[in-house]
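Residue numbers run from 1 in the order of the sequence given. For clarity, every value in this text was computed on a predicted model and none was experimentally measured. All ligand and atom numbering here is 1-based and tracks the order in the structure.
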Amino acid sequence: MDSVQGRPAPTLPFRDTPRHYGRITRLLHWTMALLILWQFLGMGLRLLLGRDSMAAFFVRLHQPIGTVLFVLIALRIVWALANRRNRPAHGAGPVGVASRLGHMALYLLMLIVPGVALLRAWGSERAFAPFGFQIFPAREAAIEWTGTLAGALHGELAWVMGVLILGHVVMVGVHQAMWRDGTLARMAGRRSS
Ligand code: HEM
């Protein structure tokens, strides 16, 4: 039994609280972090080493994993809205405003980046069947604008999202190492009260 001075450690609730993110938010956050890492690792390796390298191992699953990420971000937005009055605050002042805007931009990009790629898959002549489950059947003729839109936005916005994620990770490091305000513990630590 985990205990603090003989008292059992309080279990983490499913819902968020003003001091900590709950189990559902954490499950969504860390699953998405892993899958997003997979996406960028694959595309980064493809850029550096070319298609016929070890990048192929990651890129093979790019579309199915991207589809899962789209579903997870939709669930995450619904869950964040359901908990909006009862979750850790971003803080006051310019840092709080920057944090709120940064998170909003991340949510938006996490929706748009896979969203436009799925739109292209919907408008494509080829059937789209991630993990073997057909979502969009084949068409007789492709819808051109869906391909143009995704061609213009998907890759570019994905890299912008990658930079924002890097900024997010760096800021967590700053909170931990310099400000020591327990920000990481809200998403990763045990419940303290
Ligand atoms: C959050 C999810 C996703 C992320 C972070 C992501 C990220 C990326 C990145 C970084 C690239 C490389 C762009 C370049 O070459 O400069 C890329 C390319 C690509 N992605 Fe995704 N992607 C995601 C979801 C999807 C989904 C759902 C699909 C398909 C349904 C998809 C299909 C493609 C395709 C076909 C390419 C190569 C052609 C292109 O750049 O448009 N991606 N993605």
The NE2(H154)-atom 21 (Fe) of ligand 1-NE2(H62) angle, to 10°, is 180°
Students often mix this up, so state it plainly: with edges at 30° and 60°, are the rings of H90 and H103 parallel, tilted or perpendicular?
tilted
Within the 4.0 Å heavy-atom cut-off, what M110 brings close to ligand 1 is neither
A student comparing A150, G147, A117 should find that the heavy atom closest to atom 26 (C) of ligand 1 comes from A117
Exercise. For the pair S99 (side chain) and V95 (backbone), establish whether a donor and an acceptor sit closer than 3.5 Å, ignoring hydrogens and angles.
Key: no
| task | Check the pair W122, T146 against side-chain hydrogen bond (donor to acceptor under 3.5 Å, both in side chains), reporting the backbone distance first and the verdict last. | result | CA-CA 8 Å; W122 168 77; T146 59; over 6 Å; no
Counting from 1 in the order shown, the ligand 1 atoms closer than 4.0 Å to a non-hydrogen atom of A158 are 7 (C), 8 (C), 9 (C), 10 (C)
**Item:** Whether over 12 other heavy atoms sit under 6.0 Å from R139 CZ
**Value:** yes
Using heavy atoms and a 4.0 Å limit, tell me yes or no: is T67 in contact with ligand 1?
yes
The answer for which part of E156 has a heavy atom under 4.0 Å from ligand 1 is neither
Practice prompt. Decide yes or no on side chain to side chain contact (heavy atoms under 4.5 Å, CB included) for T67 and F131, but give the supporting numbers first.
Written response: CA-CA 10 Å; T67 307; F131 298 113; over 6 Å; no
Note: heavy atom closest to atom 34 (C) of ligand 1, options Q39, M161, R120, belongs to R120
Contact region, F70 to ligand 1, non-hydrogen atoms below 4.0 Å, reads neither
